[in-house]
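Read through the structure below, which is laid out as structure tokens, and then see the notes.
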2 protein chains.
Amino acid sequence: MSNLQEQKNKPDAGKNLANAESILADIAINAQLADYSPVKGCMVIRPYGYSIWDNIKNILDKRIKETGHENAYFPMLVPESFLQKEAEHVEGFAPECAVVTHAGGKELAEKYVLRPTSETIINYMFAKWISSYRDLPLKINQWANVVRWEMRTRLFLRTTEFLWQEGHTCHATWKEAQEETLMMLQEYKKLLEDYLAIPVFTGKKTESEKFAGAESTYTIEALMRDGKALQAGTSHNLGQNFAKAFETKFTNENNQLDFAYQTSWGVSTRLVGALVMGHHDEVGLILPPRIAPYQVVLIPILKRNEDNSSLVAHLKTINDELQALGITTKIDARDNISQGIKFNEYEQKGVPVRLVVGPNDMTNNVVEIHRRDIRSKDKGIAREGIASHLKNLLEEIQAGLLKRAMDFRKEHTSQANTIDELASILESKGGFVRAMWNGDVAIEPLLKEKFKASIRCMPDDKELDASKVPCIFSGQISDKNVEILIAKAY
Amino acid sequence: MSNLQEQKNKPDAGKNLANAESILADIAINAQLADYSPVKGCMVIRPYGYSIWDNIKNILDKRIKETGHENAYFPMLVPESFLQKEAEHVEGFAPECAVVTHAGGKELAEKYVLRPTSETIINYMFAKWISSYRDLPLKINQWANVVRWEMRTRLFLRTTEFLWQEGHTCHATWKEAQEETLMMLQEYKKLLEDYLAIPVFTGKKTESEKFAGAESTYTIEALMRDGKALQAGTSHNLGQNFAKAFETKFTNENNQLDFAYQTSWGVSTRLVGALVMGHHDEVGLILPPRIAPYQVVLIPILKRNEDNSSLVAHLKTINDELQALGITTKIDARDNISQGIKFNEYEQKGVPVRLVVGPNDMTNNVVEIHRRDIRSKDKGIAREGIASHLKNLLEEIQAGLLKRAMDFRKEHTSQANTIDELASILESKGGFVRAMWNGDVAIEPLLKEKFKASIRCMPDDKELDASKVPCIFSGQISDKNVEILIAKAY
């Protein structure tokens, strides 16, 4: 916990990378979200972390189905030759691939790569399934593991193997594909804001930052408490690039052969990392109630060597009332662990509310409530009506965490008109920097080399006036300049 | 459909292997459960098939949690050296492994195998997490993909990559581990019988058939309609074998160091294959309602070039009533496909009930009901109260399918006192053959070579009298003989 203790509840914007990484590791390990594995760059997702992922998965899966997609499953092994079929795709992904060369005791005639993403193998199947516009749209999603051989890995944020969903759709027109791309981007934004309490900017990536093989890539960009941006999800309009590579053709309404217009989009276990770096304090993780494995932990103050059964029974009736109102709970009545150790464990795990009852509380018909978000402790809360009280409190905590994150982002979103202003902001407080840009790609290596920063996106949410704010790179005012968000990023 | 058409609704017991395989493929492909992939031995699970797997998964996951287990996720890549640590385990699995030798453009110093099962890597983590009896029991489950390089593959029943759950638990005593092993076996039995409507025999495997590295393996054995047995799930008491290999030690209540007692257990997408080979007729799949993606398909009889909107609206109100009673439904109001083609599609897909309404039915306030299990068609069923009528009918269909399968198994479970009797039964009608056995392992190669059969298990459910029925191998009567089930199997 050393790094966390040093941090003392101050926002950690501006801290250096190494420190931010130990914050992530300290919180994730102490909260038992994950553990290091013996496999290079891979982690083990422990039950508490997996349960958060499961919640994210269930919320998103429901929306994926409600928006007309169906789940399917494609092989994890992709013939190496498939990757070669789309020129930009192979250039982007081949360096990160893990390759199966032997199986069943023999060397394979054709090598397989472990899917880094599934556009190629899925297009092979789409080409078999699609022949007419009547087969379109075809809207498929897959929940799967993928492997990308990363040089530098971090728990949840960048691991060699990770879990994700990847949507893959085919449409009869470019317009429909574009609508799908933007619709799913909005779904991701809602997931992050309404459930993870993490505000995001949506926007388009520059050419150099887009997905290898896409026509255009849209992103949701979140701000972590160390002032760095995190690409939290992407949605791609693939145009006809993969369809042409795999001959995914259909007869349109005019009886002409055309290539399908496609999209793909995904979010991953990286979102659990976003929660950690987006909601924490010096004690550890702070979970938004809507995504927490359990929202309330109930702890009895047990007397040593005495019969505590009536107290535990009392706590169980409270527990039943909470569950009846749809609040998720856990009772911790272990008698071989001190309450201090328990309190610390659930604070590190970020459980939104702790409810404590001792023998006197039971007599007086009251409970003690601890809020994890602001670390407040209220004794003597009436036991009567506690379930609806907590129901409201959990909503208040959820809204409060989103507001806190919005305020933090507002404080850490600046404007720079010159490279010098940019330098000063990135140095002092980090965060997002709004600027105008004339589209000259030479700015990208400059940002990278000088500041380890990048253009996160051309945001949908614009604030600058092109007639007044000059291009940060050329100093020229032009109505062809576009607004961009610059930041250091994970 | 040629193989299916030849079959003409007769039970296909006794048919030859090649035919059974084409039945499986015909049904699975026509019902759009799966498709062949470009990767050797791997299939694509299409949305309809994936939805069945999702139902199985949700039912079982709930029970896994209710019985005290938590989900987690471990790396898919297993260091090759890990496999070597348990002697029987490596002997059993090494020949089936796919090996990653290169990654990130380089040859790896240590090769990784794609997990064929995860006992080894999970034990490495267990050894880190467990130190005292207070850490026990530790009960983990993982939903994951695994890879076993099979020579001969079949859709769902045996694929190179498949989806499964694997439970892994650690206990302080052998007795607890044994109880866990048998409890999960019973959970599997309930899943198969109560939801998939497939009766199973539970029992212990012989030494030669047990899991590589286990102390003992228990199995659920189902009977397919072609007279072959299918191992549908297994539960292993691992004893201390893996704990010793990975130093998974704990301090027991007497403050002595001991190795953890472990179990593992799993079922896979093979269960979808069990449904196909367990419930079908000459038309295709017959799904038990409790596992069907949708239980009722509603089809309007549309008039060409007329306004059908009031008919479709009428059907939607019926649909809403069904859904309100918890019945899962699909409306198919496509107007570019004839109803004959629709009827055929849903019969192939095994949808339990088809509800059809034409304009006259609407006027007369009736509907037409088609039961997939017995292919009956009832016209003029009152539209009033249709939801509760169907609710009951679906339960009747569920119970009827289980009864049909029980009756079929009863007809195809015989007794053999001699090898000649066994030969005659396997030749004529197949199925399970009960026999007594003195434990001489020489019978196993004999069964395999002579009949392509094997001892499926020593069943819990015994029927033979050891004082009267001689050992099928030696001809001797002895109270040391054990009852066994012999069958040809997938």
**OP:** Could you check which of A:A72, A:A94, A:A98 has the highest count of heavy-atom pairs closer than 4.5 Å to chain B?
**Re:** A:A72
**OP:** Against chain B, work out which of A:T269, A:L77, A:I337, A:D35 has the most heavy-atom pairs shorter than 4.5 Å and name it.
**Re:** A:D35
Subject >> Closest contact, heavy atoms only, A:E110 versus A:S81 >> reply: OE2-OG, 2.9 Å
Original post:
Using the ring of each side chain (for Trp, its six-membered ring), is B:W143 parallel, tilted or perpendicular to B:W53, with breaks at 30° and 60°?
Top reply: perpendicular
Original post:
Do A:H102 and B:T101 come close enough that some side-chain heavy atom pair is under 4.5 Å?
Top reply: yes
Subject >> Under 4.5 Å from any heavy atom of chain A - which part of B:I122 >> reply: neither
Original post:
chain B heavy atoms under 4.5 Å from A:Y48: which part of the residue, side chain, backbone, both or neither?
Top reply: neither
Original post:
So which part of B:M43 gets closer than 4.5 Å to some heavy atom of chain A, the side chain, the backbone, both or neither?
Top reply: backbone
Subject >> Donor + acceptor pair across side chains of B:E70, A:S51 (<3.5 Å) >> reply: no
Original post:
So what's closer than 4.5 Å to chain B heavy atoms on A:L108: side chain, backbone, both or neither?
Top reply: side chain
Original post:
What part of B:P38 is in contact with chain A, defined as an atom under 4.5 angstrom from a non-hydrogen atom: side chain, backbone, both or neither?
Top reply: both
Subject >> Contact class of B:K65 relative to chain A, heavy atoms under 4.5 angstrom >> reply: side chain
Subject >> Close side-chain approach of A:F242 to A:T248, heavy-atom, < 4.5 Å >> reply: no
Original post:
Where does the angle between the aromatic ring planes of A:F93 and A:H89 fall among parallel (under 30°), tilted (30 to 60°) and perpendicular (over 60°)?
Top reply: tilted
Subject >> Pairs of heavy atoms under 4.5 Å with chain A: top-ranked of B:G105, B:P75, B:C42, B:G49 >> reply: B:P75
Subject >> Interatomic spacing from OG in A:S268 to CD in A:E166 - rounded to 0.5 Å >> reply: 11.5 Å
**OP:** Tell me yes or no: between the side chains of A:N123 and A:Q262, is some donor less than 3.5 Å from an acceptor?
**Re:** yes
Subject >> Separation between CG of A:N145 and CE of A:M76, rounded to the nearest 0.5 Å >> reply: 6.5 Å
Original post:
Between B:R46, B:K111, B:M151, B:K106, which has the largest tally of heavy atom pairs under 4.5 Å with chain A?
Top reply: B:R46
Original post:
Under 4.0 Å between a Lys/Arg side-chain N and an Asp/Glu carboxylate O for A:R63 and A:E66?
Top reply: yes
Subject >> Portion of B:R334 that has a non-hydrogen atom of chain A nearer than 4.5 angstrom >> reply: neither
Original post:
Measuring heavy-atom distances to chain A, does B:I121 have an atom under 4.5 Å in its side chain, in its backbone, in both, or in neither?
Top reply: side chain
Original post:
So which part of A:K128 gets closer than 4.5 Å to some heavy atom of chain B, the side chain, the backbone, both or neither?
Top reply: side chain
Subject >> Interface residue of largest heavy-atom contact number with chain A, from B:D54, B:N141, B:V78, B:L114, under 4.5 Å >> reply: B:L114
Subject >> Centroid-centroid under 6.0 Å between B:F126 and B:F246 rings >> reply: no
**OP:** Would you mind checking which part of A:L163 comes under 4.5 Å of any heavy atom in chain B, side chain (CB onward), backbone (N, CA, C, O), both or neither?
**Re:** side chain
Original post:
Could you give the distance from CG (A:N71) to CD1 (A:I140), rounded to the nearest 0.5 Å?
Top reply: 8.5 Å
Original post:
Is chain A contacted by the side chain of B:Y112, its backbone, both, or neither, given a heavy-atom distance below 4.5 Å?
Top reply: side chain
Subject >> A:H69 NE2 to A:Q142 CD distance, which is reported to the nearest 0.5 Å >> reply: 14.0 Å
**OP:** Let me know if B:V113 has heavy atoms under 4.5 Å from chain A in its side chain, its backbone, both or neither.
**Re:** neither
Subject >> B:M125 versus chain A, the contacting section by heavy-atom distance below 4.5 Å >> reply: side chain
Original post:
Using non-hydrogen atoms only, which part of A:N336 is less than 4.5 Å away from chain B: side chain, backbone, both, or neither?
Top reply: side chain
Original post:
Looking at B:Y124, B:Y73, B:W149, which makes the most heavy-atom pairs under 4.5 Å with chain A?
Top reply: B:Y73
**OP:** Let me know if A:R148 has heavy atoms under 4.5 Å from chain B in its side chain, its backbone, both or neither.
**Re:** neither
